[in-house]
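Just so you know, ligand 1 is whichever comes first in the structure, and atom 1 is the first atom listed for that ligand.
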Amino acid sequence: MNYISTRGEAPRLGFSDAVLAGLARDGGLYLPQEWPQFSAAEIRAMRGLSYQEIALRVLSPFVGNEIATPVLERLINEAYATFRHDAVCPLVQLGPNSFVLELFHGPTLAFKDVAMQLLARLMDHVLAERDQRATIIGATSGDTGGAAIEAFAGRSRTDIFILFPHDKVSPVQQRQMTTSTASNVHALAIEGNFDDCQGLVKELFNDHIFRDHVALSGVNSINWARIMAQIVYYFTSALSLGAPDRAVSFTVPTGNFGDIFAGYAAKRMGLPVEVLTIATNDNDILARTLETGEYRMEGVVATTSPSMDIQISSNFERLLFEASNRNAQTVRHYMNGLKQSGAFTIKTQEIETIRNHFAAGRATMEDTAQTIRSTLASSGYLLDPHTATAVHVARQTRASTKKSAIPNIILGTAHPAKFPAAVSQASGVFPALPAWLSHLMEAKENYTVLPSDKKMLEDRILQHTRVGR
Ligand SMILES: Cc1ncc(COP(=O)(O)O)c(C=O)c1O
Ligand SMILES: N[C@@H](CCOP(=O)(O)O)C(=O)O
């Protein structure tokens with residue numbers, strides 16, 4: 001399988017190179033040259049298999065012959081042995097035709113572990129085969145950072161630098177990033193918001209001299225392997241509700257558009273998916289875009305679902321590429337508009353294509369708190385604020401579209417214990433951390449505060465990376 005950039009001006013890469021590249025050299029995002037196809041019979045044959053077995057079937061076409069099947073199988077098995085639920089990502093019923101897919105049984109209690117545990121092993125494998133090192137960079141609004149640090153800590157071939165917005169993540173999220181004792185981990189609190197952190201990461205990738213000098217690699221969902229690993233749970237959950245003989249819908253708490261884009265990919269691969277609903281918080285740029293056809297930035301507000309406090313939703317670029325029939329020139333035009341004026345207008349035919357696959361809705365902070373309360377009262381189930389935005393939007397959109405005969409799967413992206421203040425304020429119940437994380441709030445923190453400045457960030461990386469030494 002080859003990978004092509006959404007901006008059409010970067011070299012076509014094989015799987016291993018695409019994984020190490022992160023962002024394409026033209027500033028675009030890599031996508032597989034074509035979508036692997038699974039027939040109904042092939043999907044049906046996955047029934048009854050374990051999560052790991054389904055992962056091997058779904059991921060193999062993306063990897064091609066670059067990693068031998070027994071090696072890929074071992075990496076998958078090792079990645080999901082870190083999860084504390086036998087099903088890896090279990091499905092829980094909330095009500096009639098309404099389910100939560102619990103993606104938070106990994107080591108840092110968020111869905112990011114699903115992809116990050118595999119990505120770290122894939123990168124390690126490729127780097128070992130090539131006898132190389134890499135400098136890993138990542139921007140986080142809270143969850144990617146902890147998951148990446150957990151997955152890469154102590155790995156001898158990588159040094160990892162995680163940029164998080166200073167004072168804008170939950171205390172649990174911060175400590176998951178700042179209490180690592182591994183010498184290859186560097187937690188950097190940036191004076192700015194998540195978009196500033198993500199902007200710095202992209203600036204470093206677009207500086208080709210620096211990028212090559214430190215062998216830069218990325219672990220955000222700009223890296224294709226992150227999306228790829230997330231496709232698997234769309235298959236496992238749909239299969240357990242009757243796919244391919246019954247269609248399902250998904251509602252996804254959305255920020256950087258990586259998780260829901262994985263759902264779109266599953267659909268393109270043959271999974272019968274009726275609607276993919278984007279759930280946003282007050283930072284509702286994606287909901288507004290679906291309504292108006294115009295992507296317009298308006299500034300970020302801090303909410304009780306901080307991981308979704310995002311305006312520049314990186315993976316939306318992948319969808320624009322798809323909706324324009326993979327027209328890289330159109331994508332470049334939109335991205336230039338975004339850079340120059342903070343907005344662009346999507347052509348009518350393309351926004352209609354997007355609306356054929358996606359719906360969208362928003363939840364205010366009050367909606368979110370109310371949903372946490374009402375779900376606890378009706379189902380005895382305690383939601384985290386991100387998942388609660390999706391439960392609220394699912395109720396809204398399903399009531400309006402009357403598609404309630406189709407099972408709807410809400411992606412449960414985080415454990416409530418990551419956001420105890422918001423959850424206890426909404427519900428009166430304090431969600432305790434699991435025993436294996438009970439030391440977290442007492443452990444010593446170690447991080448550096450930096451202004452949102454490319455030069456200072458580069459200096460910091462150059463001081464600490466072991467690439468070239
Ligand atoms: C808990 C949680 N839910 C939802 C999201 C949004 O996911 P995505 O950025 O893939 O749209 C994030 C951050 O990415 C998150 O950390
Ligand atoms: N919500 C994310 C933001 C980064 O998203 P990613 O999926 O592109 O890594 C976070 O928790 O950091």
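In this structure, F257 has its ring center closer than 6.0 angstrom to the ring center of F358. The aromatic ring centroids of H105 and F83 lie 6.0 Å or more from each other. Aromatic pair H186/Y447: ring centres not closer than 6.0 Å.
Using a 4.0 Å cutoff on heavy atoms, G258 does not count as a contact of ligand 2. In this structure, G255 has no heavy atom closer than 4.0 Å to ligand 2.
Within the 4.5 Å cutoff, the side chain of F15 has no heavy atoms near those of the V126 side chain. For the pair R157/D124, a side-chain contact is recorded, criterion being any heavy-atom separation below 4.5 Å from C-beta on. Proximity of I160 to T158: side-chain heavy atoms (C-beta onward) are nowhere separated by under 4.5 Å.
The atoms of ligand 2 that sit less than 4.0 Å from any heavy atom of N256 are 4 (C), 5 (O), 6 (P), 8 (O). Every atom of ligand 2 is numbered from 1 in the order shown, and the set under 4.0 Å from a heavy atom of D143 is 10 (C), 11 (O), 12 (O).
Listed by chain and number, F111, K112, D143, P253, T254, G255, N256, F257, G258, D259, S307, M308, H386, T413, A414 each place a non-hydrogen atom less than 4.0 angstrom from ligand 1.
Counting non-hydrogen atoms of neighbouring residues, nucleotides and ligands closer than 6.0 angstrom, the CG atom of N356 exceeds 12 such neighbours.
The shortest N/O to N/O separation between T144 and ligand 2 falls below 3.5 Å.
Residue contacts with ligand 2 for M308 are absent, since no atom lies close enough (heavy atoms, distance under 4.0 Å).
T82 OG1 to L118 CG: the interatomic distance, rounded to the nearest 0.5 Å, is 10.0 Å.
Side-chain atoms of R318 and N315 form a donor-acceptor pair, as typed in the model, at a separation below 3.5 Å.
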